[in-house]
2 protein chains.
Amino acid sequence: MTLAEKAYDALRHDIIRGELAPGRPLRLADLSQRYGMGFSPLREALNRLQAERLVMAESLRGFRVAPLSLDELHDAMALRIVIETEALKASIGHGDDAWASGIVSALYALNLQAARTGGEANIWTLEARHHAFHRALLAACNSPWMMEFFERLYAATERYRIPVLLAAALPAGRDVQAEHSALAQATLDRDAGKASALLDQHYRRTVDDLAEAIRANDGDILRVRLFG
Amino acid sequence: MTLAEKAYDALRHDIIRGELAPGRPLRLADLSQRYGMGFSPLREALNRLQAERLVMAESLRGFRVAPLSLDELHDAMALRIVIETEALKASIGHGDDAWASGIVSALYALNLQAARTGGEANIWTLEARHHAFHRALLAACNSPWMMEFFERLYAATERYRIPVLLAAALPAGRDVQAEHSALAQATLDRDAGKASALLDQHYRRTVDDLAEAIRANDGDILRVRLFG
DNA sequence: TGCAACCGGATTTTCGAAAGAATTTGGAAT
DNA sequence: ATTCCAAATTCTTTCGAAAATCCGGTTGCA
């Protein structure tokens with residue numbers, strides 16, 4: 001693995017998790033220090049991330065972490081619904097036993113982690129398994145373009161979810177794991193209409209909850225932090 | 001404009017037009033000669049294009065122009081239909097007079113160019129206006145993510161259209177300009193159902209024609225040209 | 001005071017060379 | 001003739017420094 005690839009992974013990771021705050025300028029000298037490498041691999045990684053809209057670039061003024069906004073959250077989630085319901089239908093059409101087993105396994109692992117509390121609870125493990133579950137649902141759609149856009153939008157929206165999860169600011173009265181199970185069941189039953197309706201509903205609730213949590217937080221989660 | 005940005009524009013342009021053939025290795029020394037700049041700006045541009053799937057990269061083995069395949073054409077066009085019909089409905093919902101005027105103007109300019117023959121006919125002008133027309137239809141969708149994916153998929157599918165246009169291998173018996181006019185009319189009439197149906201139909205015909213032309217050409221258009 | 005030009009430091013961008021990795025070549029042994 | 005190994009070559013990747021640009025503050029002038 002080249003340094004540029006390491007830089008890409010590390011920067012992407014740190015941006016999505018919010019360790020590099022939205023709006024923060026990404027100075028090459030700082031990054032060089034932080035990641036222990038020269039400018040060239042960092043610039044290559046930043047250019048890739050720019051194309052993915054995780055980083056913004058301005059000519060001769062360098063790079064900064066892409067900002068967040070409620071508008072973008074709504075935009076990205078609305079498009080996720082369009083693309084993922086379509087991909088789910090295709091997946092249900094094409095999926096074989098390996099695909100179905102993948103869903104069962106991903107759901108099981110997700111439920112295990114979701115049930116853990118206290119020291120065993122780990123938001124990053126939970127997040128990874130949540131991602132894996134949603135990917136497993138779509139995995140058989142047989143469309144590289146859909147999968148790419150799924151990954152792009154997942155990363156974009158994860159940036160909103162993570163600070164909310166960290167603040168444990170999720171509204172009660174919602175059984176997310178039950179939604180996941182129902183979604184998996186409808187998918188495994190090859191009921192495309194029901195499965196995509198459940199997925200749509202799942203995401204509508206998610207975006208409502210996120211928007212609510214952000215409002216409750218006075219938008220601090222989104223606030224552009226120029227330094228830090 | 002920095003050299004890296006110039007390199008990005010030039011490479012993107014040359015890849016989409018097929019001047020850099022699918023599959024061709026992109027050696028830094030060659031590119032440096034071709035575009036008259038050092039390695040750094042070229043590598044930055046290549047990394048951006050890699051993220052856009054116009055270029056493929058392999059660790060320590062450099063870059064090559066992304067290959068073409070019938071499968072990818074079908075995949076990309078199918079997703080264009082999903083995204084653009086959605087964007088068109090949203091555009092019809094939000095569009096104001098400036099948006100409507102933009103469509104009229106883009107359609108007029110496209111028709112002018114499409115009517116020209118002989119020395120006045122210019123495939124690149126035609127292509128630019130075709131792109132501008134389709135963009136104008138969606139311009140009011142108010143979704144940066146949809147517009148980005150539209151641009152990505154347009155670029156991806158343009159790579160298949162251009163060699164066919166250059167070979168003038170379009171099947172007769174289809175009045176593409178009439179389809180554009182009808183589509184514009186339904187859109188301006190704010191008939192979302194009819195407009196998206198026409199757009200869907202327009203693209204289904206396009207993909208059929210392209211696939212047919214490529215088959216007639218024995219797939220030579222897609223053939224990976226390792227040297228070229 | 002208001003304003004424009006200008007300097008100095010900070011930062012990005014680019015280059016050229018060195019380092020590192022893969023591929024090819026050529027030759028020796030089987 | 002074929003296989004294997006090592007040297008040579010080609011190419012990518014990375015670094016460090018030089019060039020270009022931006023930003024903030026200050027000076028000079030009306």
Side-chain angles (χ1 to χ4, degrees), chain A residues 1-15 19-67 223-228, chain B residues 1-15 19-67 223-228:
Chain A
M1 188 181 241
T2 65
L3 282 180
E5 287 164 342
K6 287 199 185 85
Y8 170 80
D9 288 346
L11 277 165
R12 186 170 194 279
H13 180 270
D14 291 351
I15 290 169
E19 283 160 36
L20 295 168
R24 166 172 168 167
L26 296 167
R27 298 239 168 64
L28 287 171
D30 295 349
L31 298 180
S32 175
Q33 182 99 43
R34 180 181 180 118
Y35 299 111
M37 58 184 72
F39 289 179
S40 312
L42 287 168
R43 288 185 63 85
E44 291 184 19
L46 289 166
N47 274 286
R48 284 178 66 180
L49 292 164
Q50 178 196 4
E52 291 183 28
R53 275 176 152 49
L54 289 172
V55 156
M56 316 248 61
E58 222 176 334
S59 236
L60 296 177
R61 286 207 242 160
F63 303 88
R64 60 180 52 236
V65 180
R223 194 89 56 228
V224 169
R225 274 154 291 196
L226 294 181
F227 317 99
Chain B
M1 186 180 241
T2 64
L3 282 180
E5 289 164 340
K6 288 200 185 87
Y8 170 80
D9 287 347
L11 276 165
R12 187 172 192 279
H13 180 271
D14 290 351
I15 290 169
E19 283 160 36
L20 294 169
R24 169 174 166 163
L26 295 167
R27 299 237 168 64
L28 274 303
D30 294 348
L31 298 179
S32 175
Q33 182 101 39
R34 179 179 180 119
Y35 298 111
M37 58 183 70
F39 289 179
S40 312
L42 287 168
R43 288 186 62 86
E44 291 185 19
L46 289 167
N47 273 285
R48 286 178 66 181
L49 293 163
Q50 178 197 2
E52 291 183 28
R53 275 180 152 49
L54 288 172
V55 157
M56 317 248 63
E58 222 177 334
S59 234
L60 297 176
R61 289 208 240 160
F63 302 87
R64 62 179 55 236
V65 179
R223 195 88 56 226
V224 168
R225 272 154 295 193
L226 294 180
F227 317 98

- Search all heavy atoms of A/L42 against all heavy atoms of A/A7 and return the closest pair with its distance.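 Smallest heavy-atom distance, with atoms named: CD2-CB, 4.1 Å.
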Quickly work out the [X] [atom1] to [N] [atom2] distance and round it to whole Å.
X	N	atom1	atom2	result
A/L26	C/dA10	CG	P	20 Å
B/R64	C/dT23	CZ	C1'	14 Å
A/E58	D/dT21	CD	P	16 Å
B/M37	C/dG16	CE	P	13 Å
B/Y35	C/dT14	OH	C1'	19 Å

- Message: Nearest to the B/L3 side chain among C/dC15, D/dT14, D/dC22, which nucleotide is it?
- Response: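 Shortest atom-to-atom distance from the side chain points to C/dC15.
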- Task: Taking only the side-chain heavy atoms of A/L28 (C-beta and beyond), determine which of C/dC15, D/dT13, C/dT12 contains the nearest atom.
- Result: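 The listed nucleotide nearest to A/L28's side chain is C/dT12.
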- Comparing B/F39 and A/S59 on DNA chain D - which has the more 5′ nearest nucleotide: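 Between the two, 5'-proximity favours B/F39.
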- What are the residues of residues 4-11 of chain B, sorted by number, that bring a heavy atom to within less than 4.0 Å of DNA chain C?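 DNA chain C contact set from residues 4-11 of chain B: B/A4.
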Do [X] and [Y] make a side-chain contact, defined as non-hydrogen atoms from C-beta onward lying under 4.5 Å apart?
X	Y	value
B/M56	B/Q50	no
A/V55	A/L11	no
B/L31	B/L46	yes

- Return the 5'-most residue of the pair A/F63, B/L60 with respect to DNA chain C, ranking by each residue's nearest nucleotide.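 Looking at the nearest nucleotide for each, A/F63 comes out on the 5' side.
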Contacts table for residues 33-41 of chain B: side-chain donor-acceptor under 3.5 angstrom, sequence neighbours left out:
| unit_1 | atom_1 | unit_2 | atom_2 | d |
| --- | --- | --- | --- | --- |
| B/R34 | NH2 | B/D14 | OD2 | 3.2 |
| B/Y35 | OH | B/D14 | OD2 | 2.6 |

Identify all pairs in which a protein N or O lies below 3.5 Å from an N or O of nucleotides 23-25 of chain D, and state each distance.
| unit_1 | atom_1 | unit_2 | atom_2 | d |
| --- | --- | --- | --- | --- |
| D/dC23 | OP1 | A/R61 | NE | 3.1 |
| D/dC23 | OP1 | A/R61 | NH1 | 3.1 |

- Got a sec, which residues hit salt bridge (Lys or Arg N to Asp or Glu O under 4.0 Å) with A/R43, two or more places apart in sequence or on another chain?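 In terms of salt bridge (Lys or Arg N to Asp or Glu O under 4.0 Å), with neighbours along the sequence ignored, A/R43 is linked to B/E44.
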- To the nearest 0.5 angstrom, please state how far the CZ atom of A/R24 sits from the CG atom of A/D30.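 Taking CZ in A/R24 and CG in A/D30, the distance rounds to 6.5 Å.
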- Query: Ignoring hydrogens and geometry, is there a side-chain-to-backbone donor-acceptor pair from B/R64 to B/G23 under 3.5 Å?
  - Reply: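 A pair under 3.5 Å: yes.
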- Message: Going by the rule side-chain contact (heavy atoms from CB on, under 4.5 Å), which residues pair with A/R12 if we only count those two or more places apart in sequence or in a different chain?
- Response: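 A/R12 satisfies side-chain contact (heavy atoms from CB on, under 4.5 Å) with A/Y8, A/I16, A/L49, A/E52, A/L54, A/A155 once adjacent residues are dropped.
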- Task: Go through residues 40-54 of chain B and report each residue with a non-hydrogen atom lying under 4.0 Å from DNA chain D, sorted by number.
- Result: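 Residues of residues 40-54 of chain B that come under 4.0 Å of DNA chain D are, in numerical order, B/R43.
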- Could you list the residues that satisfy side chain to side chain donor-acceptor pair (under 3.5 Å) with B/T2, not counting sequence neighbours?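 Result, side chain to side chain donor-acceptor pair (under 3.5 Å) vs B/T2: B/E5.
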